[in-house]
Amino acid sequence: MNRIENLKNIIQYLMADKHVSHQIPSSLGERQRMMRALMNVWTPKPIAGNFLIAQDAELQMQREDKGVVEICKEGLTIWQGDITRLKVDAIVNAANAQALGCWAPLHNCIDNCIHSAAGIQLRKECNDIMQGRLLSTGQAFITGGNNLPAKHVIHTVGPIIPDGVPTKEQEEQLAQCYRSCLDLAEKNGLESMAFCCISTGVFHFPNERAAEIAIETVKSYPRHALKSIIFNVFLDKDRDIYQRLLGAY
């Protein structure tokens with residue numbers, strides 16, 4: 001397969017779907033960025049089978065380019081890096097209430113990264129589940145992983161803390177996010193899952209308190225099927241916080 005030509009076909013399909021026309025760049029990296037930007041604004045609807053073949057082929061090559069990471073360790077583990085590289089039964093996505101992925105082209109939030117790596121069929125699956133409803137804070141639902149190394153994605157909505165000072169109710173909502181995800185993992189017989197740092201970042205939950213709640217909730221949850229839980233961190237400060245807190249347990 002000619003990868004550059006395949007990307008051109010992908011971009012042309014997505015542009016035609018949005019009734020827009022832009023000049024298609026020539027380099028591999030620029031075409032990949034344009035593909036992702038168009039995926040980010042795609043409106044969920046039935047998808048042509050030939051497009052999915054082309055898109056999936058490119059995304060699977062991107063997955064191999066990044067490298068797949070498999071962590072074969074039971075118990076609680078910290079791993080720093082891109083969560084879309086992890087080969088686990090499920091990764092957790094910090095979604096918004098609409099639960100259809102991030103619509104900002106090329107935004108670097110985890111929601112955008114997961115949907116961009118999984119493919120547009122993830123947005124369609126989310127849309128089929130949500131059917132225009134909003135996901136309440138603390139709730140979660142599960143989908144397939146599509147082109148991710150992970151078999152599933154568990155989507156949850158954490159509390160938004162505009163002033164960075166959570167109330168007791170918001171702390172409980174964050175804990176409920178973790179319990180909801182764990183409930184789904186157990187219900188589906190999953191053995192491994194990776195949590196992102198839910199509600200930190202653009203939702204402004206304080207990193208240290210969020211980590212305390214995450215660890216306390218996971219430690220106290222009565223797990224049966226789940227053997228391996230990974231706390232996925234991206235920032236150095238989150239890695240340091242989790243290392244210190246897990247060392248205290």
Side-chain angles (χ1 to χ4, degrees), residues 63 66-96 99 101 109-119 121-122 125-126 129 135 137-159 173-201 203 205 207 210-235 238-239 241-243 245-246 249:
R63 181 181 67 193
K66 289 189 293 186
V68 174
V69 176
E70 186 170 9
I71 299 174
C72 301
K73 181 180 178 182
E74 293 191 2
L76 307 185
T77 306
I78 303 166
W79 185 77
Q80 184 177 17
D82 178 357
I83 199 169
T84 68
R85 297 177 60 198
L86 288 175
K87 185 179 181 180
V88 288
D89 287 342
I91 59 173
V92 173
N93 178 29
N96 54 42
C109 68
I110 192 167
D111 197 14
N112 190 301
C113 292
I114 288 173
H115 275 263
S116 297
Q121 57 265 55
L122 179 56
E125 185 178 359
C126 291
I129 292 170
L135 191 65
T137 303
Q139 290 184 334
F141 67 94
I142 189 169
T143 62
N146 299 290
N147 292 293
L148 293 161
K151 295 177 184 177
H152 301 278
V153 180
I154 298 177
H155 310 258
T156 190
V157 178
Q173 287 174 333
L174 182 59
Q176 184 57 43
C177 287
Y178 285 90
R179 287 192 292 267
S180 295
C181 294
L182 291 163
D183 287 345
L184 283 170
E186 287 287 346
K187 181 180 178 180
N188 287 274
L190 307 187
E191 295 185 357
S192 60
M193 68 185 302
F195 280 106
C196 62
C197 298
I198 303 168
S199 268
T200 59
F203 279 19
F205 206 106
N207 298 64
E212 290 172 350
I213 291 169
I215 294 170
E216 290 166 2
T217 306
V218 170
K219 292 278 287 188
S220 63
Y221 187 90
R223 290 182 283 126
H224 301 287
L226 271 170
K227 296 180 174 63
S228 173
I229 293 181
I230 300 162
F231 292 111
N232 168 248
V233 297
F234 193 74
L235 301 176
D238 285 319
R239 177 202 61 206
I241 289 169
Y242 272 90
Q243 285 178 339
L245 291 176
L246 277 178
Y249 282 87

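Hydrogens, waters and symmetry mates play no part in the numbers below; they use all other heavy atoms, side chains included.
Rounded to the nearest 0.5 Å, atoms CZ (Phe203) and CG (Leu174) are 11.5 Å apart. We find the CD1-CD1 distance between Ile91 and Ile83 to be 5.0 Å, quoted to the nearest 0.5 Å. Rounded to the nearest 0.5 angstrom, Arg85 CZ and Leu148 CG are separated by 13.0 Å. How far CH2 of Trp79 is from CD1 of Ile71: 6.5 Å, rounded to the nearest 0.5 Å. The CD1 atom of Ile154 lies 5.5 Å from the CG atom of Leu184; values are rounded to the nearest 0.5 Å. Here the straight-line distance linking atom NZ of Lys227 with atom CD of Glu191 works out to 4.0 Å at 0.5 Å rounding.
Of the possible polar contacts, one joining the Glu186 side chain to the Ala225 backbone as a donor-acceptor pair under 3.5 Å is found. Asp82 places a side-chain N or O within 3.5 Å of a backbone atom of Thr84 that can act as its donor or acceptor partner.
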Check: residues 192-200 side-chain donor-acceptor pairs under 3.5 Å, at least two apart:
unit_1	atom_1	unit_2	atom_2	d
Ser192	OG	Asp89	N	3.0
Ser199	OG	Pro159	O	2.8
Thr200	OG1	Cys197	O	2.8

- prompt: Given Tyr221 and Asp183, is the side-chain contact (heavy atoms from CB on, under 4.5 Å) satisfied, shown in steps?
  reply: CA-CA 9 Å; Tyr221 187 90; Asp183 287 345; 2.6 Å; yes

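Heavy-atom minimum distance, Thr143 versus Cys126: CG2-SG, 4.1 Å. The shortest non-hydrogen separation linking Val157 to Asn96 is CG2-O, 3.3 Å. Closest heavy-atom contact between Leu182 and Thr217: CD1-O, 4.5 Å. Taking all atoms of both residues into account, the shortest heavy-atom contact from Cys181 to Val92 is SG-CG1, 3.9 Å. Of all heavy-atom pairs spanning Ala140 and Leu135, the tightest one is N-CD1, 4.4 Å. The nearest pair of heavy atoms linking Ala95 to Asp111 is CA-OD2, 4.0 Å.
Arg63 is linked by a side chain to side chain contact (heavy atoms under 4.5 Å, CB included) to Gln60, Val68, Pro149, counting only residues two or more places apart in sequence or in another chain.
Atom NZ of Lys66 is surrounded by more than 12 heavy atoms from other residues, nucleotides or ligands within 6.0 Å. The environment of CZ in Phe141 is crowded: more than 12 heavy-atom neighbours from other residues, nucleotides or ligands sit within 6.0 Å.
Side-chain contact between Ile110 and Phe234 is absent, with no heavy-atom pair separated by less than 4.5 Å. For the pair Arg223 and Ile229, the minimum side-chain heavy-atom distance is below 4.5 Å. Side-chain contact between Phe231 and Leu246: present, with at least one pair of heavy atoms (C-beta onward) separated by less than 4.5 Å. Looking at heavy atoms from C-beta onward, Glu125 lies in side-chain contact with Asn146 at the 4.5 angstrom threshold. At least one side-chain heavy atom of Ile142 sits less than 4.5 Å from a side-chain heavy atom of Leu190.
The aromatic rings of His115 and His155 lie tilted to each other, with the angle between the two planes from 30° to 60°.
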